[in-house]
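None of the values given here were measured: they were computed from a predicted structure. Chain naming here is simple, since letters A, B, ... match the order of the sequence lines and numbering starts at 1 in each.
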Amino acid sequence: MTSQTYDYIKIEKKWQKKWYKEKIYEAKKQDKKKFFIHFAYPGVSGYLHVGHMRGFTYCDIISRYKLMTDHEVLFPAGFHASGIPSFGFAKKVERKDPDIIKMLKEYGLKDDFIKKLKDPTKVVEYFGNVYVKDYWKKFGFLIDYSRIMSTISEGYKNFIKWQFHKLNEKHLLIKKPHFAPYCSNCGPVAVDKSETDILKGGNAEILEFTTIKFKLIDGTILPAATLRPETIFGVTNMWVNPNVEYVKAKINDEIWILSKQAYEKIIFQVDSIKLLKEKIKGQDLIGKKCIIPLINREIKILSGPFADPNVASGIVMSVPAHAPYDWIALVESGEDIDPITIIDVKGYGTNPAKEACDALNIKSQTETEKLDQATEEIYKKEFHTGYLNENTGKYAGIKVSDIKDEVKNELIENNQAIIMREFSEEVICRCGRKVIIKQIPDQWFIKYSDGNLTNKSKKHVSNMNISPEDYKNELPGILEWFDDRACIRKGSWLGTEFPFKKDWIIEPISDSTLYPAYYIVSKYINEGKIKPDELTVEFFDYVFIGKGKAKKPIWSIIKNDFDYWYPVDLNLGGKEHKTVHFPVFLMNHVAIMPEEKRPKGIFVHWWVTQKGKEKISKSKGGAEHINEAAIKYGVDAMRLYYSHIGSPFVDIEWDVEAVTKYKNRLANIYKLVYQIKELKDKSNNNLDNWLISIMHRSIKKTKDALENYDLRIATNEIFFECQKNIQWYLNRGGGNKKILNNFLKNWIILMTPIAPHLSEELWMLKGMKNLVSLENYPSFNQEFISEKDEVGEYLLQKVTSDISEILKVTKIQPKKIFIYTSPEWKINIMKKTIDQIDKNTFNIGMIIKDTITDPKLKNNAKEVSQYVGKLQGEIKKLNENDKKRYLTDIKEFTYLEQAKDYLNNIFKCEIMIYSSDSDNIYDPLNKNRFAAPLRPAIYIE
RNA sequence: GCAGGGGUACCCGAGCGGUCAAAGGGGCAGGGCUUAGGACCCUGUGACGUAGGUCUUCGAGCGUUCAAAUCGCUCCCCCUGCACCA
């Protein structure tokens with residue numbers, strides 16, 4: 001192994017050891033500006049994958065950058081251990097789930113140890129360790145490891161209890177009934193796409209059927225369930241399935257007729273319900289009459305075999321003017337009933353349902369596919385563009401989309417309807433039972449709907465620093481829409497006991513809103529300087545909101561810390577947090593913390609997906625394991641990949657080949673530094689000044705980008721532009737040791753936040769003794785900018801590419817190349833014209849006159865006027881950069897003359913350079929007349 | 001349903017009124033370096049062109065403008081989040 005081999009494994013180990021030994025990560029309160037950054041702590045649900053590292057890495061990059069720009073940085077981390085995941089994991093271990101056991105064995109765990117993971121707290125402990133040791137430390141994160149905490153620790157629980165006391169004091173805890181997915185065997189279950197808790201039905205939505213109480217003559221209730229309560233005005237009859245035996249139930253004081261299936265669902269949703277012995281055949285209801293509530297019209301019950309006993313109440317009201325199913329059924333029934341139109345919609349006449357059926361040529365109730373299509377079409381049209389007409393009484397003229405809830409609410413207030421909730425598709429629990437929706441009568445909520453809280457939060461957002469900008473604009477809407485959130489639950493999971501109701505546990509979103517504040521305390525807990533049971537309500541009142549007095553000296557020490565570090569400057573999290581975590585993070589701070597302690601910034605990043613934009617999921621194959629990837633590609637390569645492959649605000653694909661390319665790039669940089677070491681010292685003023693100048697441009701661009709957290713732009717500048725520049729310098733023949741050294745040092749520092757291990761290694765190679773991680777980021781200095789040399793190199797590149805172009809087109813094998821730089825008068829005119837156009841004083845005649853006062857140009861008047869004429873249009877198209885280039889004073893002839901060796905080298909032939917102003921020019925084809933500023937004429941033999 | 005984001009050359013992806021035939025990377029082709037290379041360097045990669053040029057392109061169609069990938073409208077198509085999962 002030669003010294004030039006990039007042995008990243010060795011390098012990583014070496015520098016991590018040093019960082020962690022010297023504890024350079026530890027945040028210390030100093031007289032500097034502080035920066036508090038953290039990521040939304042991960043849930044403890046198993047091993048993480050390469051996707052999770054994206055956000056963590058961004059956080060470390062920003063944190064390292066701040067550390068290098070004169071900030072004292074606090075970058076803590078912890079685990080969100082509350083909730084179902086660790087509990088579920090433990091359960092799986094307990095029942096020896098083969099996938100889980102296999103996975104644990106793959107990670108090298110012994111049977112004895114695996115057994116221990118039946119205990120959820122052991123699960124948390126184990127994975128907490130994995131996250132710290134195998135992920136965060138392996139990636140070189142300068143997390144303050146002295147503050148690591150978990151949400152199921154005693155101290156944290158006391159903190160959460162305090163939070164809920166505060167919410168209660170502010171009247172932000174309320175009680176009301178709630179409807180939640182529930183398994184009669186396992187308790188509450190989460191219905192979501194990941195299907196953690198369930199076997200089937202992850203895509204199910206909860207549908208809210210307005211169940212309207214139609215009354216039979218004897219007062220018995222025939223409940224018709226509908227998603228479109230506003231159509232009640234258009235009801236002409238009822239549909240009852242003749243083949244179904246309905247049951248009767250007593251709900252409060254009412255007798256209801258409904259399907260057996262409906263009964264079994266509704267018992268969980270109403271307070272008082274009793275099944276009666278009496279049953280009734282659908283057939284026996286047909287022909288009877290009932291009354292439409294609200295409008296008190298009498299209608300007939302008809303036979304509707306399509307009325308599905310599994311859907312809602314099993315009984316359907318018929319709106320033939322607006323529901324294709326009802327229309328066709330009515331036609332087929334042969335009854336003499338006129339549809340009632342209640343909605344006016346552009347593009348339809350008096351009976352939209354009939355028109356839609358006709359358009360699709362629907363003839364029978366059995367054509368369900370077409371009927372569904374017709375239903376959807378009409379529903380969409382009517383909902384978005386329809387208005388209720390005169391048949392709807394006081395609602396006439398109102399938009400359908402605005403009225404739905406009003407009709408529903410009126411019916412409910414009049415005790416003429418209830419809401420019945422049901423899944424859009426079947427949901428089956430892990431245990432095999434059907435998941436139902438259950439009413440929880442006295443559910444506690446955090447009142448996020450509170451107007452005052454919402455408004456204050458929205459106002460706070462407007463002063464925050466939020467990336468991306470789009471999210472900042474979205475947030476007020478989200479806060480507005482964010483509703484009360486059920487905050488406690490009873491069931492098998494981990495979390496803090498709710499202080500106001502015994503045996504109930506605070507749910508995991510509600511216990512992770514103010515938590516960055518706890519990082520200030522966790523350090524003292526971890527170091528044994530204060531005990532968990534000392535963290536009383538008085539303690540937190542004093543430390544966090546300055547209420548009361550310090551009962552012990554340590555209280556004021558902690559408070560001092562808190563006052564220095566808080567608020568959070570930047571909270572990073574994935575896009576999944578946009579509508580859940582970030583809103584509650586904000587609103588709880590606004591509710592509880594004083595104004596100066598509310599968060600300053602949020603950074604939302606998108607995900608790493610599998611090929612084909614699929615979410616990486618452990619259950620569905622998953623991506624590479626973090627530790628394997630780290631060995632295969634190297635940590636710095638992965639860090640570079642995350643920060644460069646795409647904008648933080650798009651999903652990126654995990655692309656093994658791309659990561660490999662990044663790895664090679666780092667190896668090249670490593671080699672390049674070695675190669676430069678071996679160069680012979682030589683100087684070239686123009687070129688050397690150019691390198692310094694361009695270096696400072698890069699410094700400026702990088703810093704500007706990093707200040708805005710534009711990680712990708714910064715990374716591009718450092719790892720691609722800088723490399724390109726130094727490559728140009730070397731290819732051009734540059735070799736000034738002093739300047740190269742200076743360039744490299746700056747370059748290495750620039751790289752450090754992104755590829756810290758490589759940077760440390762290179763820094764040492766340059767003979768530096770200190771840690772580059774603790775260096776100061778280079779600062780931009782205008783003095784080092786040399787416009788002249790930048791323009792000179794630009795000219796050279798332009799000439800080179802022009803010559804190449806000519807060679808390519810003409811296919812000439814060049815023997816001699818002649819270059820003619822612009823005559824002085826054209827340069828003067830160019831400058832004058834730019835100046836005058838900018839000042840809006842352009843006068844073509846004056847410029848020509850001025851120019852030909854020069855006796856040498858007297859005979860060239862025609863050429864002069866032609867040139868000026870063309871210039872005008874061209875200059876208007878120029879941008880500021882271009883203009884600046886033309887206005888820069890540079891002796892083109894001299895510059896090119898000095899770069900002759902380079903041209904010589906490139907084109908492998910003799911190069912002759914002339915100024916168009918000089919007399920002895922070899923120019924057989926009179927090409928020099930085409931010479932213009934920064935665009936010399938070329939002639940090739 | 002509510003809300004958000006997109007469609008750019010072979011692919012990924014930047015650009016978001018003139019600097020745009022459109023950055024950067026990858027792929028592909030040719031050349032170089034090499035014992036070899038899947039490492040690295042150079043060149044090319046819309047079409048046409050024996051002089052640095054011209055022509056046609058940025059989902060589709062209209063429009064605004066001296067000027068549009070970039071702005072407006074309409075349409076088509078994709079993707080994502082949505083609360084008791086974190």
Side-chain angles (χ1 to χ4, degrees), chain A residues 40-45 80 82-85 88 178 180-181 188-197 202 205 207 227 379-380 383-384 401 404 440 443 445 448 468 470-471 473-474 477-478 481-489 491 507-510 512 573-581 583-584 606-607 609 613 615 644-647 649-653 655 657-658 660-662 664-665 667-668 671-672 712-713 716 720-721 724 727 731 798-799 801-812 873 876-883 885 906 925 927 930 935-940:
Chain A
Y41 50 15
V44 183
S45 59
H80 194 196
S82 23
I84 297 173
H178 179 57
V189 287
V191 176
D192 66 274
K193 279 176 207 133
S194 73
E195 303 195 338
T196 324
D197 290 1
E205 283 178 71
L207 301 175
L227 293 169
Y379 180 73
K380 270 195 184 155
F383 183 78
H384 292 288
S401 53
K404 202 176 199 125
I440 299 156
Q443 174 69 51
F445 288 78
Y448 290 116
D470 286 339
Y471 181 53
N473 301 330
E474 244 179 276
I478 295 171
W481 152 92
F482 205 98
D483 208 351
D484 300 338
R485 185 183 175 97
C487 60
I488 59 171
R489 226 164 67 164
E507 66 84 33
I509 298 292
S510 306
S512 49
K575 66 174 178 181
E576 73 277 19
H577 295 305
K578 287 206 293 183
T579 49
V580 185
H581 170 248
V584 298
W606 267 235
W607 292 341
T609 60
K613 299 279 182 227
K615 184 177 174 177
H644 187 260
I645 190 82
S647 143
F649 316 125
V650 296
D651 287 336
I652 54 176
E653 280 178 7
D655 180 345
E657 282 169 39
T660 310
K661 299 287 169 194
Y662 283 113
N664 292 338
R665 182 166 287 271
N668 292 338
K671 278 185 209 153
L672 184 66
R712 186 172 194 275
I713 294 172
N716 197 263
F720 293 80
E721 295 303 316
K724 214 164 81 186
Q727 211 71 57
N731 290 345
K798 186 119 180 39
V799 170
S801 79
D802 279 355
I803 295 173
S804 304
E805 174 86 10
I806 295 167
L807 291 175
K808 186 186 139 202
V809 174
T810 59
K811 302 187 181 74
I812 297 174
K876 277 187 179 156
K877 285 188 194 167
L878 295 179
N879 64 31
E880 289 310 307
N881 253 339
D882 287 333
K883 284 182 191 165
R885 262 201 286 269
I906 293 280
L925 292 184
K927 290 281 183 190
F930 297 121
R935 191 178 176 281
I938 296 158
Y939 169 63
I940 300 174

Query raised in the report: What residues form a side chain to side chain contact (heavy atoms under 4.5 Å, CB included) with A/T810, not counting sequence neighbours?
Result: A/I806, A/I812
Query raised in the report: With sequence neighbours excluded, what pairs up with A/E205 under the side chain to side chain contact (heavy atoms under 4.5 Å, CB included) test?
Result: A/S424
Given atom [atom1] of [X] and atom [atom2] of [N], what is their separation to the nearest angstrom?
X: A/I84; N: B/rA86; atom1: CD1; atom2: C1'; value: 10 Å
X: A/W607; N: B/rA86; atom1: CH2; atom2: P; value: 15 Å
X: A/W606; N: B/rC79; atom1: CH2; atom2: C1'; value: 13 Å
X: A/L925; N: B/rA51; atom1: CG; atom2: P; value: 12 Å
X: A/I652; N: B/rG26; atom1: CD1; atom2: P; value: 17 Å
X: A/D470; N: B/rG81; atom1: CG; atom2: P; value: 17 Å
X: A/E653; N: B/rC11; atom1: CD; atom2: C1'; value: 10 Å

Scan [X] against the nucleic acid and name what it touches under 4.0 Å (heavy atoms): base, sugar-phosphate only, or nothing.
X: A/T660; answer: nothing
X: A/Y939; answer: base
X: A/G83; answer: sugar-phosphate
X: A/A486; answer: base
X: A/Y448; answer: nothing
X: A/V44; answer: nothing

Tell me the closest heavy-atom pair linking [X] and [Y], and the distance in Å.
X: A/P936; Y: A/V799; answer: CG-CG2, 3.5 Å
X: A/S510; Y: A/C487; answer: OG-CB, 3.5 Å
X: A/K578; Y: A/Y471; answer: O-OH, 2.8 Å
X: A/G573; Y: A/A40; answer: CA-CB, 4.3 Å

Expressed as a whole number of Å, how far does the [atom1] atom of [N] sit from that of [M]?
N: B/rU54; M: B/rC42; atom1: C1'; answer: 28 Å
N: B/rG31; M: B/rU80; atom1: P; answer: 45 Å
N: B/rU50; M: B/rU35; atom1: C1'; answer: 42 Å
N: B/rG59; M: B/rG49; atom1: C1'; answer: 31 Å
N: B/rG13; M: B/rG26; atom1: P; answer: 16 Å
N: B/rC40; M: B/rG18; atom1: P; answer: 35 Å
N: B/rG61; M: B/rA69; atom1: C1'; answer: 16 Å
N: B/rG63; M: B/rC55; atom1: C1'; answer: 25 Å

Report task. Output yes when a side-chain donor or acceptor of A/Y448 lies under 3.5 Å from a complementary backbone atom of A/V584, and no otherwise. Result -> no
**Report entry** Main-chain N/O of A/R489 paired with A/Q443 side-chain donor or acceptor, under 3.5 Å
**Finding:** no
Picking from [options], which would you name as closest to the side chain of [X]?
X: A/K578; options: B/rA83, B/rG4, B/rA51; answer: B/rG4
X: A/K575; options: B/rA39, B/rU80, B/rA86; answer: B/rU80
X: A/N731; options: B/rA86, B/rC42, B/rA51; answer: B/rC42
X: A/R485; options: B/rC42, B/rA83, B/rA39; answer: B/rA83
X: A/V650; options: B/rA51, B/rG81, B/rA14; answer: B/rA14

Interface polar pairs with nucleotides 52-57 of chain B, N/O, under 3.5 angstrom:
| unit_1 | atom_1 | unit_2 | atom_2 | d |
| --- | --- | --- | --- | --- |
| B/rG52 | O2' | A/D802 | OD1 | 3.1 |
| B/rG52 | O6 | A/I938 | N | 3.4 |
| B/rG52 | N1 | A/P936 | O | 3.0 |
| B/rG52 | N2 | A/D802 | OD2 | 2.5 |
| B/rG52 | N2 | A/P936 | O | 2.9 |
| B/rG52 | N3 | A/D802 | OD2 | 3.0 |

Quick one: look up who [N] pairs with, Watson-Crick or G-U, both distances under 3.5 Å, and put none if it's unpaired.
N: B/rA51; answer: none
N: B/rU45; answer: B/rG27
N: B/rC40; answer: B/rG32
N: B/rA14; answer: none

Could you list, one pair per line, each protein nitrogen or oxygen that sits under 3.5 Å from a nitrogen or oxygen of nucleotides 27-30 of chain B, together with the distance?
| unit_1 | atom_1 | unit_2 | atom_2 | d |
| --- | --- | --- | --- | --- |
| B/rG27 | OP1 | A/K661 | NZ | 3.2 |

Report summary line: Assert: residue with more 5' nearest nucleotide on RNA chain B, out of A/D483 and A/Y662, is A/Y662
Requested in this report: Kindly compute the distance separating CG (A/L227) from CZ (A/F383), expressed to the nearest 0.5 Å.
Outcome: 11.5 Å
Under 30°, 30 to 60°, or over 60°: which ring-plane class applies to [X] and [Y], parallel, tilted or perpendicular?
X: A/Y41; Y: A/H80; result: parallel
X: A/F720; Y: A/H644; result: parallel
X: A/H577; Y: A/H581; result: perpendicular

Distances under 3.5 Å only, N/O to N/O: pair up the protein atoms with those of nucleotides 20-24 of chain B.
none

Using the 3.5 Å cut-off, write out each protein N or O paired with an N or O of nucleotides 1-3 of chain B and the distance between them.
| unit_1 | atom_1 | unit_2 | atom_2 | d |
| --- | --- | --- | --- | --- |
| B/rG1 | OP1 | A/H384 | NE2 | 3.4 |

